[in-house]
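Worksheet: the structure to be examined is printed underneath.
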Amino acid sequence: MELLKERIRREGKVLPGNIIKVDGFLNHRVDTKLLEALADEFAKYFDISKITMVLTAEASGIALATICAQKYGVPMLFAKKAKSDNIEGGLYQSEVFSYTYKKKVTLIVSHEWLHADDHVLIIDDFMAKGNAMQGLIDLVNAAGATLEGIGVAVEKGFQGGGDKFRASGVPYKALAVIEQADENGILFREDD
């Protein structure tokens, strides 16, 4: 998606450790008009009429997932990274390694909100190695729900996470795939 790539070129920064900073418009300070355009773009790739829920992980995916869910007319559910006192009953859980935080985290969703009759579209802002995404898929599977697709705004293609999901047969779309990010700038895969 050229609009997103242009924003990354103009405002994104590459930090040490191949960290790509896009927090000025995607996942800290949020450009809601841009997120609406991303939601519209995802709707071109997924059969939105089938989904009953948009799922993401706490915290940075929440803004994009919320706008997608609102546009598609379904609820948004986010997997929490810690159990709080307001979660009752059984939990679906998946332990994953967080690339961002460099530690293991447990993704948690209440049985109350994810069911076998749900048709889930997973939406997230960023993917590196795909660990959090796999954790979300594990939650969908644990509930016996149907995974209808996976949408990612920005994929770090050089870290391989998206490749395994493309090969899985589940509908998958990344709107901007970064092939290289270093002091020379950011290069995108041109076929996405």
Please answer whether the main-chain N or O of [Y] pairs with a side-chain N or O of [X] as donor and acceptor at a distance below 3.5 Å.
| X | Y | result |
| --- | --- | --- |
| His115 | Glu112 | yes |
| Asn131 | Phe97 | yes |
| Tyr92 | Asn141 | no |
| Asp182 | Asn184 | yes |

| Greater than 12 external heavy atoms within 6.0 Å of Lys50's NZ | no
| task | Report, as yes or no, whether the 6.0 Å neighbourhood of atom CZ on Arg10 holds more than 12 heavy atoms from other residues, nucleotides or ligands. | result |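 Result for CZ/Arg10: enclosed.
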Under 4.5 Å between any side-chain heavy atoms of [X] and [Y], yes or no?
| X | Y | answer |
| --- | --- | --- |
| Ile122 | Tyr172 | no |
| Val140 | Leu55 | yes |
| Phe42 | Ile48 | no |
| Arg166 | Glu155 | yes |

Drop me the distance from [X]'s [atom1] to [Y]'s [atom2], to the nearest 0.5 angstrom.
| X | Y | atom1 | atom2 | value |
| --- | --- | --- | --- | --- |
| Cys68 | Asp40 | SG | CG | 9.0 Å |
| Ile108 | Leu91 | CD1 | CG | 6.0 Å |
| Arg9 | Ile178 | CZ | CD1 | 10.0 Å |
| Gln134 | Ile150 | CD | CD1 | 8.0 Å |
| Glu11 | Asp31 | CD | CG | 8.0 Å |
| Thr56 | Leu121 | OG1 | CG | 10.0 Å |

| message | Restricting to salt bridge (charged side-chain N to carboxylate O under 4.0 Å, His left out), what partner residues turn up for Glu179, sequence neighbours left out? | response | Arg189
| field | Electrostatic pair Lys104:Glu95 at N-O distance under 4.0 angstrom | value | yes
| SB check Asp23 Lys21 (cutoff 4.0 Å) | yes
| said: Is there a side-chain contact (heavy atoms from CB on, under 4.5 Å) between Phe46 and Ile51? Walk through the geometry before answering. | reply: CA-CA 9 Å; Phe46 301 110; Ile51 67 166; over 6 Å; no
Which atom names give the shortest non-hydrogen contact between [X] and [Y], and what distance separates them?
| X | Y | answer |
| --- | --- | --- |
| Leu4 | Ala176 | CD2-CB, 3.8 Å |
| Gly157 | Asp163 | O-OD2, 4.5 Å |
| Gly61 | Asp124 | CA-OD1, 3.3 Å |
| Leu107 | Ala79 | CB-CB, 4.0 Å |
| Gly135 | Val96 | CA-CG1, 3.5 Å |
| Leu114 | Ala143 | CG-CB, 3.6 Å |

| task | Dump the intermediate steps for side-chain contact (heavy atoms from CB on, under 4.5 Å) on Leu26 and Ile8, then the final yes or no. | result | CA-CA 10 Å; Leu26 185 61; Ile8 295 168; over 6 Å; no
| Taking a hydrophobic cluster as the set of Ile, Leu, Val, Met, Phe, Trp and Tyr residues connected by side-chain heavy atoms closer than 4.5 Å, whether directly or through intermediates, do Leu187 and Val152 fall within one such cluster? | no
| said: Between Asp47 and Glu148, does the side-chain contact (heavy atoms from CB on, under 4.5 Å) criterion hold? Intermediate values first, please. | reply: CA-CA 8 Å; Asp47 185 351; Glu148 294 292 346; 6.0 Å; no
| query | Does the pair Lys5 and Ile186 meet the rule for a side-chain contact (heavy atoms from CB on, under 4.5 Å), with working shown? | reply | CA-CA 10 Å; Lys5 290 177 184 178; Ile186 297 173; over 6 Å; no
